[in-house]
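Report on the structure given below.
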Amino acid sequence: MWGVPRSELLGRQAQATTEFVYEDDRLVRTVTTWEPRWLPEDVSWAQAWRRWVAGKCPGCGLQLEETTAMKDGEPVHAYHVPDPARCYGCDAKLKDDEQRAKMPTVRPGALLRYVEQVS
């Protein structure tokens with residue numbers, strides 16, 4: 001996700017090995033080799049995540065493999081949509097949008113705002 005290997009997110013730090021090359025007791029060069037940032041396991045996790053994202057239904061966000069499964073002409077799973085929850089932060093922002101839209105000199109789309117909790 002976001003270009004960071006899973007192993008780094010879990011705290012792994014890439015290791016380096018440095019080789020010192022001498023000629024006649026004089027250091028002539030050093031060669032530092034880093035282990036790869038993306039391990040094979042990281043690549044596998046990234047590919048699995050991409051498959052998971054690609055398999056989501058754009059409408060409900062559940063996995064299409066599950067939501068479209070049929071057996072004997074019937075859906076394999078049943079689904080229920082619970083009552084929606086109200087986000088009072090979004091509610092306050094929408095109310096503010098309505099108030100600002102009534103002001104002729106304010107262009108609400110150009111305002112950068114955030115919501116604060118007051119109590």
Side-chain angles (χ1 to χ4, degrees):
M1 227 173 13
W2 303 293
V4 178
R6 179 179 182 271
S7 60
E8 282 186 16
L9 291 173
L10 295 175
R12 177 183 150 267
Q13 295 180 351
Q15 300 296 311
T17 304
T18 302
E19 176 187 358
F20 300 94
V21 180
Y22 291 90
E23 288 180 7
D24 300 325
D25 292 333
R26 193 175 117 230
L27 180 64
V28 290
R29 74 175 178 273
T30 60
V31 178
T32 301
T33 306
W34 287 88
E35 67 182 2
R37 184 171 182 210
W38 285 81
L39 301 175
E41 181 181 353
D42 294 323
V43 173
S44 295
W45 276 99
Q47 290 171 337
W49 180 77
R50 290 187 70 160
R51 281 192 303 275
W52 181 79
V53 169
K56 288 174 61 173
C57 171
C60 66
L62 298 175
Q63 289 293 306
L64 285 167
E65 185 176 319
E66 296 284 325
T67 61
T68 59
M70 302 282 281
K71 184 175 181 180
D72 300 325
E74 294 292 321
V76 173
H77 304 288
Y79 298 93
H80 166 73
V81 179
D83 291 337
R86 177 175 299 276
C87 173
Y88 293 101
C90 289
D91 195 42
K93 186 175 174 292
L94 289 170
K95 286 178 187 176
D96 187 66
D97 286 345
E98 290 169 2
Q99 291 295 321
R100 290 180 188 275
K102 295 174 187 174
M103 304 166 125
T105 59
V106 175
R107 291 182 294 283
L111 300 175
L112 302 175
R113 301 177 300 131
Y114 61 94
V115 177
E116 290 181 330
Q117 183 176 352
V118 292
S119 60

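- Residues Thr32 and Trp34 come closest through the heavy atom pair CG2-NE1, 3.8 Å.
- Of the inter-residue distances, the one linking Leu9 atom CG with Trp45 atom CH2 reads 11.5 Å to the nearest 0.5 angstrom.
- Residues Trp38 and Ala46 share a closest heavy-atom pair of CZ3-CB, 4.0 Å.
- Side-chain atoms of Arg51 and Gln47, non-hydrogen and from C-beta on, do get closer than 4.5 Å to each other.
- Other residues, nucleotides and ligands contribute only 12 or fewer heavy atoms inside 6.0 Å of the CD atom of Glu65.
- The only member of Thr30, Val28, Val31 that meets side-chain contact (heavy atoms from CB on, under 4.5 Å) when paired with Phe20 is Thr30.
- A donor-acceptor contact shorter than 3.5 Å links the side chain of Gln15 to the backbone of Gln13.
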Ignoring hydrogens and angles, write down the donor-acceptor pairs under 3.5 Å from the side chains of residues 68-90, residues two or more places apart or on other chains.
from: Thr68; atom 1: OG1; to: Leu64; atom 2: O; distance (Å): 2.5
from: His77; atom 1: NE2; to: Glu66; atom 2: OE1; distance (Å): 2.9
from: Tyr79; atom 1: OH; to: Glu66; atom 2: O; distance (Å): 3.3
from: Arg86; atom 1: NH1; to: Asp91; atom 2: OD1; distance (Å): 3.4

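- Residue pairs that meet the salt bridge (charged side-chain N to carboxylate O under 4.0 Å, His left out) test with at least one member in residues 27-39, sequence neighbours left out, are Glu8-Arg37, Arg12-Glu35.
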